[in-house]
Amino acid sequence: MTERHLDYFFTTTETAKEEQRESSCSPESAPQASGRVVFRSAAPKDLPPSYFVSATYSGEKGSACIKLYEPESERIYLWYDTTGHKPYCLTNLSPSELKKIGRLTAHPGLVDFESVEKYDPLLDRKVILTKVVAEDPLSIGGRPGGCIRDIIPEEYPKIAGAEQEAKVWEATIRYYQSYIYDRDLAPGMIYKIENNKLVRVRHEPSERMVKEICGLFQGEPEEYLQHIEGWARLLEYPAPKFRRVALDIEVSTPIPTRVPDPREAAYQIICASLLGSDGKKRILLLKRERVEEGAEKLPTDVSVEYFDSEEKLILAIFEALWEYPFVITFNGDDFDLRYLWHRAQNLGIRRDRVPIELGRRVCLLKNGVHIDLYKFFFNRSIQIYAFGRKYRDMTLGDVGKALLGLTKLELVKSISELTCTQLARYCMRDAEITLKLTTFDNDLVMKLILALTRISRMPMEDVSRQGVSRWIRNFLHYEHRRQNTLIPNAEDILALKGATVTKAIIKGKKYKGAIVVEPVPGVHFNVKVMDFASLYPSIIKVHNLGYQSIRCPHNECRDNKVPETPHWICKKRKALESLLIGALRDLRVRWYKPKSQDNSLPRGLRSWYKVIQSALKVILNASYGVFGAETFDLYCPPVAEATAAIGRQAITQTVSKAQRLEIEVIYGDTDSIFLKNPSQDQIDVLSNWSEKELGMQLDVDKVYRYSVFSSRKKNYLGVFPDGNVEVKGLTGKKRHIPIFIKKAFEQMEERLSQVKSPSEFEEAKREIRKIIRNRYLKLKRREWGESPDELAFNIVLGKIPKHYNKTTPQHVKAAMELEKRGHELKAGDLISFVKVVKEPHVKPIQLASNSEIDVEKYVGYLHSTFDQILDALGLDFNEIIGLTKLERFM
DNA sequence: GCGGACTGCTTACCT
DNA sequence: ACAGGTAAGCAGTCCGCG
């Protein structure tokens with residue numbers, strides 16, 4: 001054990017060396033930290049090729065600031081704009097009209113008016129606008145009490161009367177994004193600094209790949225090829241090694257059930273773990289009197305450092321946060337970094353020694369990049385499409401268990417009562433899970449964030465915190481600026497393109513969505529599932545969908561109708577969305593997906609292609625939905641509606657075509673059709689027909705040895721030729737169902753996986769009856785173990801209990817029971833409860849005992865869970881458990 | 001005062 | 001803060017019932 005009992009762990013020989021290397025660069029501020037200098041690394045006049053990882057606005061310098069990660073020294077350097085680029089917004093008023101607005105000309109932040117020509121995508125013509133340039137972003141918008149974007153529309157009508165409307169555009173774009181767009185910068189890509197100038201660096205090997213990729217798309221229009229090339233260039237470039245540290249802190253609190261408020265930071269920080277990707281493992285512990293050393297051992301490669309004051313401990317953490325280029329936390333925005341910031345404040349640590357930049361909802365680093373994994377894994381698109389729903393709970397424990405198989409250490413006592421060693425182990429494990437969440441699968445998460453950074457043209461910090469609609473918005477905004485197209489205001493799009501016309505099946509929805517084909521109940525052998533590769537993105541591409549092309553201003557386009565709607569689509573001009581999303585789709589389908597499965601490629605390259613194809617999947621899956629989302633800046637409901645309508649037409653026509661070919665269609669959902677025992681010939685005919693008639697790729701996606709359907713939609717079970725079982729939508733697989741019931745369901749799956757032919761079914765059915773009967777008898781005999789744990793239902797609290805005003809569902813009843821006992825509950829918490837005989841018929845698992853369980857309720861659940869399969873097998877639950885017809889009636 | 005039919009709310013899932 | 005469609009269970013309401 002390399003424990004070092006030091007009064008103040010200060011610096012190692014390694015960090016001393018680092019400092020010397022650093023002394024060549026000029027310190028932006030050089031605060032004294034206990035006699036040593038802490039640097040913010042301003043970039044030197046010349047910097048070797050480095051990754052553009054982040055951008056921000058520096059109030060101090062009054063300019064854009066770029067964070068560059070230099071992969072040789074593994075350090076971050078800050079570069080400040082030298083081009084004189086300034087914030088601005090656009091308006092329809094001319095400079096002379098603007099000059100009449102006294103409040104505007106008197107605005108201290110106003111710099112200049114400049115006439116510019118832009119293409120207006122809603123009117124499909126050029127317009128002359130005025131660029132209103134300001135000294136700083138807050139003068140354009142954001143400062144309360146009079147900023148340029150508010151003054152213009154407020155003041156002009158007072159002067160000119162109401163005839164001419166004063167409008168502003170592009171006034172809510174974050175300044176650093178505007179800077180990125182205007183300078184055509186590519187976050188995530190390589191730049192060098194030459195004589196204080198930021199210069200893009202090309203990479204020959206990836207340029208060669210770009211050529212090869214473009215070759216795949218020969219014959220496509222130039223306009224489209226240009227996008228293929230642009231995307232390919234971004235996506236082919238390799239990723240660097242990210243030197244990073246995972247941080248986790250522990251706070252001593254008198255109330256163990258409550259998380260300390262980081263804004264108050266009222267309690268001591270007693271422990272921190274710093275786990276570096278460079279192999280450094282450090283535990284920083286505060287010396288406390290009461291807590292004796294425990295008997296447990298720590299791994300020998302961990303260095304344990306004791307501090308005699310909390311201030312010194314915090315300063316040691318800060319050293320690391322200044323020094324590492326990337327800092328990884330789990331919920332650091334809302335807890336660890338925020339707590340550290342306020343705690344430092346409370347202890348009177350000087351601001352310039354604090355490496356943390358405190359925001360309202362985020363905590364960033366002055367000299368590094370902070371990735372809060374909680375925000376990243378919480379992202380639903382990431383959870384579902386990148387990680388295939390492997391984790392369900394957004395906690396460090398659950399994500400770690402699901403993705404790494406690494407569980408949190410269990411707390412036997414409250415944090416403040418643990419011995420130093422227990423505390424150290426606990427804290428270290430959390431940091432270990434946090435770090436490993438970014439290292440597993442060959443640094444998958446870091447690479448995924450990098451890929452998304454490139455696609456979205458956003459800083460790594462933003463891309464890891466924001467949702468898919470922001471990613472999509474930003475690359476569309478970039479493209480608008482690149483093509484000198486005015487970015488329209490959301491209300492103008494909505495006013496011009498109007499609302500939706502189709503009627504949704506679900507009450508409260510805006511328009512009609514996809515079709516689900518009625519399943520044919522029963523067991524079907526040799527089922528082939530065909531589906532459209534990225535149906536909605538394909539439609540957006542093939543049918544030229546976008547806010548500017550739907551209901552375009554041209555009369556001659558009005559005959560290009562969308563089925564089931566009065567909408568029409570432009571025939572004259574390609575929509576940006578159609579080109580960009582179309583190119584991304586084609587790249588994924590024709591290059592990245594196949595390459596990610598190509599075993600002849602070197603492992604490293606294949607793993608990069610896997611990352612790219614999964615980043616593309618995440619974006620493409622949301623690319624239709626965003627147009628129907630009010631919160632999306634280019635919200636255009638008719639686009640979403642048209643996409644869905646064309647999708648319905650595609651699947652409907654495909655089903656009819658299959659039937660004309662005399663193939664039995666067993667089922668279908670949105671973009672897929674399940675075909676019973678089709679010949680290869682029939683499949684080829686169908687596929688060719690789709691290509692020709694619909695312009696869309698329809699391929700065999702999977703084959704089942706057999707599949708089992710009840711009459712319920714979105715509910716089936718399929719067995720693959722290798723015996724693997726796929727279960728979709730069935731209750732037995734849902735996460736809220738008790739383990740006790742799941743176990744029986746899994747036994748049944750296991751048995752079904754062995755069935756190879758119709759003749760083997762009879763035997764399997766007999767055994768399935770046995771499985772069910774056994775479970776039933778176990779319930780009746782109350783044989784479920786020492787505690788009722790396996791009988792617990794697990795349901796997520798959608799909101800805090802007191803917000804349930806309309807009804808009080810069972811899990812909320814259980815939750816309120818817990819609250820009465822001092823538990824603090826919030827939205828997203830998982831409530832575990834069992835069904836009991838006495839009112840209110842539920843009890844939190846923590847309080848429940850075996851004797852009070854309501855067995856009949858569980859029999860009911862067993863019944864309904866198995867009915868979904870038994871229907872199809874021609875079995876009957878009541879008959880299986882041995883109830884006579886009479887008993888059933890009673 | 002009670003139970004069945006109904007609607008609405010809530011969660012988890014599918015594409 | 002991507003969309004709509006489906007299943008299931010339960011809460012709450014209405015209505016009829018001498």
Side-chain angles (χ1 to χ4, degrees), chain A residues 375 378-382 384-385 388-389 392 465-473 500 502-519 529 531-532 534-537 581 617-637 639-645 647-648 651 667-674 701 710-716 726-737 793-799 803-813 827-828 830-831 835 840-842 857 860-861 863-865 867-868:
Chain A
K375 293 249 170 79
F378 191 84
N379 185 319
R380 264 188 74 78
S381 299
I382 292 293
I384 295 170
Y385 301 117
R389 275 207 179 83
R392 319 277 192 130
R465 285 171 174 78
Q466 299 181 346
V468 62
S469 72
R470 293 295 179 83
W471 308 340
I472 293 173
R473 173 193 76 180
T500 47
T502 52
K503 194 174 174 305
I505 290 173
I506 308 170
K507 226 191 239 174
K509 298 289 185 188
K510 294 185 284 269
Y511 59 90
K512 198 176 169 99
I515 283 180
V516 187
V517 180
E518 204 69 53
V529 183
D531 74 356
F532 294 102
S534 302
L535 175 70
Y536 290 150
I581 293 165
K617 179 176 172 185
V618 172
I619 299 231
L620 290 169
N621 270 316
S623 63
Y624 133 82
V626 291
F627 292 107
E630 276 151 274
T631 49
F632 183 57
D633 287 62
L634 301 170
Y635 173 54
C636 189
V639 170
E641 182 178 41
T643 312
R648 288 195 298 276
I651 185 113
Y667 180 61
D669 187 348
T670 313
D671 61 354
S672 64
I673 50 168
F674 290 55
D701 176 45
S710 69
S711 55
R712 299 161 185 84
K713 293 171 173 180
K714 298 183 190 281
N715 263 269
Y716 61 90
E726 182 171 60
V727 177
K728 294 286 185 182
L730 300 180
T731 306
K733 261 289 149 71
K734 292 195 178 180
R735 76 150 156 178
H736 69 272
I737 226 69
F793 288 84
N794 304 285
I795 297 183
V796 170
L797 219 42
K799 45 196 173 188
H803 286 177
Y804 287 84
N805 302 320
K806 289 167 179 139
T807 56
T808 313
Q810 295 201 323
H811 67 295
V812 178
K813 286 185 179 140
L830 193 68
I831 306 297
K835 306 234 175 193
H841 305 299
V842 290
K857 276 277 177 227
Y861 263 91
H863 186 165
S864 58
T865 302
D867 257 2
Q868 296 176 337

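Chain letters run A, B, ... following the sequence lines, proteins first and then strands; every chain starts at 1. All figures in this text were calculated on a predicted structure; none of them were measured in a lab.
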Over all strands shown, is [X] touching base, sugar-phosphate only, or nothing at heavy-atom distances under 4.0 angstrom?
X        : value
A:Gly513 : sugar-phosphate
A:Val796 : sugar-phosphate
A:Ala640 : nothing
A:Tyr511 : sugar-phosphate
A:Phe627 : nothing
A:Arg735 : sugar-phosphate
A:Tyr716 : sugar-phosphate
A:Ser469 : sugar-phosphate

Given atom [atom1] of [X] and atom [atom2] of [N], what is their separation to the nearest angstrom?
X        : N      : atom1 : atom2 : result
A:Lys509 : B:dC14 : NZ    : P     : 17 Å
A:Ile795 : C:dA11 : CD1   : P     : 11 Å
A:Trp471 : C:dC2  : CH2   : P     : 9 Å
A:Asp531 : B:dC14 : CG    : C1'   : 13 Å
A:Arg648 : C:dA3  : CZ    : P     : 17 Å
A:Lys734 : C:dA8  : NZ    : P     : 7 Å
A:Tyr861 : B:dA12 : OH    : C1'   : 12 Å
A:Lys503 : C:dG4  : NZ    : C1'   : 13 Å

Selected nucleotide, minimal atom distance to [X] side chain, candidates [options]:
X        : options                : result
A:Asp671 : B:dT11, C:dA7, B:dT15  : B:dT15
A:Lys799 : C:dC10, B:dT10, C:dA3  : B:dT10
A:Val516 : C:dG5, C:dA3, B:dC9    : C:dG5
A:Lys835 : C:dG9, C:dA7, C:dA11   : C:dG9
A:Pro809 : C:dC2, B:dT10, C:dC10  : B:dT10
A:Ile505 : B:dC13, C:dT6, C:dA3   : C:dT6
A:His811 : B:dC13, B:dT15, B:dT11 : B:dT11
A:Thr631 : C:dG4, C:dA7, C:dA1    : C:dA1
A:Ser864 : B:dT15, C:dA7, C:dG9   : C:dG9
A:Thr808 : C:dT6, B:dA12, C:dG12  : C:dG12

Please determine whether a side-chain nitrogen or oxygen atom of [X] lies at a distance below 4.0 Å from atom OP1 or OP2 of [N].
X        : N      : result
A:Arg470 : C:dC2  : no
A:Gln868 : C:dA8  : yes
A:Arg392 : B:dC13 : yes
A:Lys507 : B:dG8  : yes
A:Tyr804 : B:dT11 : yes
A:Lys714 : B:dA12 : no

> Is A:Lys713 salt-bridged to A:Asp669, going by a charged N under 4.0 Å from an acidic O?
Replying inline: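 No, no charged N to carboxylate O under 4.0 Å.
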>> What verdict does the side chain to side chain contact (heavy atoms under 4.5 Å, CB included) test give for A:Gln810 and A:Phe793, after you've listed the backbone C-alpha separation in whole Å, the side-chain angles of each residue and the deciding distance to 0.1 Å?
In response: CA-CA 10 Å; A:Gln810 295 201 323; A:Phe793 288 84; over 6 Å; no
> For A:Tyr667 and A:Val516, what are the C-alpha separation, side-chain angles and deciding distance, and is it a side chain to side chain contact (heavy atoms under 4.5 Å, CB included)?
Replying inline: CA-CA 8 Å; A:Tyr667 180 61; A:Val516 187; 3.7 Å; yes
> Given that A:Val626 and A:Lys512 both sit by DNA chain C, which one's nearest nucleotide is further toward the 5' end?
Replying inline: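 Result of the comparison: A:Val626.
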> Which sits closer to the 5' end of DNA chain C, A:Gly628 or A:Arg712, going by the nucleotide each is nearest to?
Replying inline: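 Of the two residues, A:Gly628 wins.
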> About how many Å separate CG of A:Leu634 and CD1 of A:Ile472, when rounded to the nearest 0.5 Å?
Replying inline: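 Going from the CD1 atom of A:Ile472 to the CG atom of A:Leu634 covers 10.5 Å.
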> A:Arg648 side chain to A:Lys512 main-chain N or O, any donor-acceptor pair under 3.5 Å?
Replying inline: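 Between the backbone of A:Lys512 and the side chain of A:Arg648 there is a qualifying donor-acceptor contact (under 3.5 Å).
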> Any donor and acceptor pair, going by atom type alone, linking the side chain of A:Asn621 with main-chain N or O of A:Ile619 inside 3.5 Å?
Replying inline: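 No.
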> Out of A:Ile673, A:Asp701, A:Ile651, which one pairs with A:Asp531 under the side chain to side chain contact (heavy atoms under 4.5 Å, CB included) rule?
Replying inline: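 Exactly one pass, corresponding to A:Asp701.
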> Does a side-chain heavy-atom distance below 4.5 Å link A:Asn379 with A:Lys375?
Replying inline: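 Heavy-atom side-chain distance check fails, nothing below 4.5 Å.
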